[in-house]
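Worth saying up front: this structure is predicted, and the values here are computed from it rather than measured. For this chain, numbers begin at 1 and follow the sequence in order.
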Amino acid sequence: MRHFLEFEKPIAELEGKIEELRRTTDAGGIDVADEVGKLRDKAEALLRQTYAKLSPWQKTLVARHPERPKALDYVRTLITDWTPLAGDRAFADDAAVVAGLGRFRGHAVAVLGTEKGRDTESRVKHNFGMARPEGYRKARRIMEMAGRFGLPIVSFVDTAGAFPGIEAEARGQAEAIARSIEAGLDAPVPFVATIIGEGGSGGAIALAAADRVLMLEHAVYSVISPEGCASILWRDAAQAATAAEALRLTAEDLRKLNLVDAVVPEPLGGAHREPEKMMEAVGDKVWSLLEPLLQLDGATLRARRREKFLEMGRAGVM
């Protein structure tokens, strides 16, 4: 059964009625095609009306939708000859960060992603997409390897943030994130990152210090989650909707601030309604931005990337 968000309840009721009518048709042979067609039109109109005026908090909920395509879904759809790589060569492998080599549109690439998992078992395995230090050290290792072998880097980011546990802090979480950001900024190869769901805090930037950063239409990207912000400012996580408004975390806001380079439109009702269409659209957009970068040498890429992020600071938006 499709999962509906709280604000989608009226849509859920209409689609439930459509399903009931379909079952009636199957069971008794009654022709209700006209009625089903009217309800479909009404449901689509309501869906379009609802998604045309989503609040920042509602977009956050869509970005977290459990049926939304995950990093490994994009890898399976867009990357051929996929060879996963594991471990940070220092402590352990962190399943929250997926990494490997493959081919994208015929070109050899290094791929990184934060994977949340889809069911209970996979979510636990991937720690809900919250990476520990070894995950960021793995990302750094792959980026440095990509630089040595001249492989463009493609990343898919979907994380609420880095894992906040005591053991992660003990193993140098902040240093690992900083080194991963440094590796991204220093990579002498093209680097395109896509925020496919949540882009939370330094845990997201660690895999997105790229030449070009894309966001899906209903993705969010912020220094802190709305709940975390509300807990700090108002000591009340229930103020998350207010915090989301103030954080300016939507793709539309960040594009206006020039913090992301492009926004990829989502199918009506969100990426989870037409995942294959969404992933192909992301692939097309990533390639359109990656292809021109392939013509540039390492020194030029690094200089442009450095200037890009310095300019964000000069504009007073970081």
Side-chain angles (χ1 to χ4, degrees), residues 4-8 11 47-71 74 114 116 129 155-161 192-210 212-234 237-275 277-279 281-282 285-286 289 308-309 311-313 315-318:
F4 288 92
L5 301 170
E6 183 68 26
F7 66 86
E8 294 179 313
I11 300 166
L47 188 65
R48 194 176 299 279
Q49 179 184 359
T50 300
Y51 272 75
K53 55 180 183 180
L54 291 181
S55 69
W57 175 242
Q58 288 171 331
K59 281 183 175 282
T60 302
L61 297 178
V62 176
R64 295 171 177 173
H65 197 288
E67 295 169 9
R68 197 173 178 85
K70 306 297 190 292
Y74 284 90
T114 39
K116 285 184 172 181
S155 72
F156 302 100
V157 179
D158 185 15
T159 179
V192 177
T194 306
I195 313 299
I196 59 174
E198 281 188 280
S201 191
I205 299 173
L207 272 67
R212 299 289 182 267
V213 180
L214 315 179
M215 278 184 75
L216 271 61
E217 180 184 1
H218 301 312
V220 294
Y221 196 16
S222 174
V223 69
I224 191 172
S225 70
E227 295 93 333
C229 178
S231 296
I232 292 170
L233 294 183
W234 294 284
Q239 296 288 333
T242 303
E245 193 78 37
L247 284 167
R248 302 182 72 180
L249 43 63
T250 69
E252 182 182 4
D253 285 333
L254 295 172
R255 184 68 193 94
K256 288 177 181 177
L257 293 169
N258 290 321
L259 295 181
V260 297
D261 298 286
V263 176
V264 186
E266 296 193 22
L268 179 62
H272 55 280
R273 284 186 171 255
E274 297 184 67
K277 181 179 178 180
M278 183 75 261
M279 290 185 283
V282 168
K285 192 62 180 179
V286 169
L289 295 179
K308 171 186 175 178
F309 284 93
E311 184 57 34
M312 292 179 188
V317 295
M318 289 191 71

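- Put simply, the side chain of Met278 does not reach to within 4.5 Å of the side chain of Ile196, judged on heavy atoms.
- Partners of Arg64 by side-chain hydrogen bond (donor to acceptor under 3.5 Å, both in side chains), not counting sequence neighbours, listed by chain and number: Glu198, Glu227.
- In this structure, the side chains of Thr194 and Tyr74 stay at 4.5 Å or more apart for every pair of heavy atoms.
- Glu8 pairs by the side-chain hydrogen bond (donor to acceptor under 3.5 Å, both in side chains) definition with Tyr51, not counting sequence neighbours.
- Within the model, atoms CZ of Arg248 and CG of Leu259 stand 9.0 Å from one another, a figure rounded to the nearest 0.5 Å.
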**Message:** Please determine whether side chain to side chain contact (heavy atoms under 4.5 Å, CB included) holds for the pair Val263 and Leu216, giving the CA-CA distance in whole Å, both sets of side-chain angles, and the decisive distance to 0.1 Å.
**Reply:** CA-CA 6 Å; Val263 176; Leu216 271 61; over 6 Å; no
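- Residues meeting the side-chain hydrogen bond (donor to acceptor under 3.5 Å, both in side chains) test with Ser225, sequence neighbours left out: none.
- Inter-residue side-chain proximity for Ile195 and Val260 is flagged as unmet; no heavy-atom pair is nearer than 4.5 Å.
- In this structure, Gln58 and Ser55 have side chains that are in contact, with non-hydrogen atoms separated by less than 4.5 Å.
- Atom CD in Glu252 sits 11.0 Å away from atom NE2 in His218 (nearest 0.5 Å).
- The shortest side-chain heavy-atom distance between Arg48 and Leu268 falls under the 4.5 Å cut-off.
- Val62 has its side chain within reach of Leu54: a pair of non-hydrogen atoms, C-beta onward, lies under 4.5 Å apart.
- Across every non-hydrogen atom of Val157 and Gly199, the tightest pair is CG1-CA, 4.5 Å.
- Within a 6.0 Å sphere centred on NZ of Lys285, heavy atoms belonging to other residues, nucleotides or ligands number 12 at most.
- The minimum heavy-atom distance between Tyr221 and Ala204, with the atom names listed, is CE1-CB, 3.9 Å.
- Sorted by first and then second residue, the pairs that involve residues 247-273 and meet ring pair (Phe, Tyr, Trp, His ring centres under 6.0 Å), not counting sequence neighbours, are His65-His272.
- Salt-bridge check for Asp261 with Arg255: failed, with every basic side-chain N at 4.0 Å or more from each acidic carboxylate O.
- Remark: side-chain polar atoms of Lys277 are not paired, donor with acceptor, to backbone N or O of Arg273 under 3.5 angstrom.
- Without hydrogens or angle criteria, Ser155 side chain to Leu207 main chain gives a donor-acceptor distance under 3.5 Å.
- Listed by first and then second residue, the ring pair (Phe, Tyr, Trp, His ring centres under 6.0 Å) pairs involving residues 241-264 amount to none (not counting sequence neighbours).
- Once rounded to the nearest 0.5 Å, the distance linking CG of Leu5 with OG1 of Thr60 reads 11.0 Å.
- Using a distance-only test at 3.5 Å, with no hydrogens or angles considered, no donor-acceptor pair links the side chain of Glu245 to the main chain of Thr242.
- Counting heavy atoms from C-beta outward, Val264 and Met215 have side chains that stay 4.5 Å or more apart.
- Put simply, the side chain of Thr159 gets close to the backbone of Gly161: a donor and an acceptor are under 3.5 Å apart.
- With rounding to the nearest 0.5 angstrom, the OG1 atom of Thr114 is 5.5 Å from the CG atom of Asp158.
- Annotation: side-chain hydrogen bond (donor to acceptor under 3.5 Å, both in side chains) contacts of Glu266 (sequence neighbours excluded): Arg68.
- Closest non-hydrogen pair, Trp234 versus Ala243, comes out as CZ3-CB, 3.9 Å.
- Looking only at side-chain heavy atoms (C-beta outward), Ile224 and Leu247 come within less than 4.5 Å of each other.
- Closest approach of Leu249 to Pro226, counting heavy atoms only: CD2-CG, 3.8 Å.
- In this structure, Phe309 and Ala210 approach most closely via the heavy-atom pair CE1-O, 3.5 Å.
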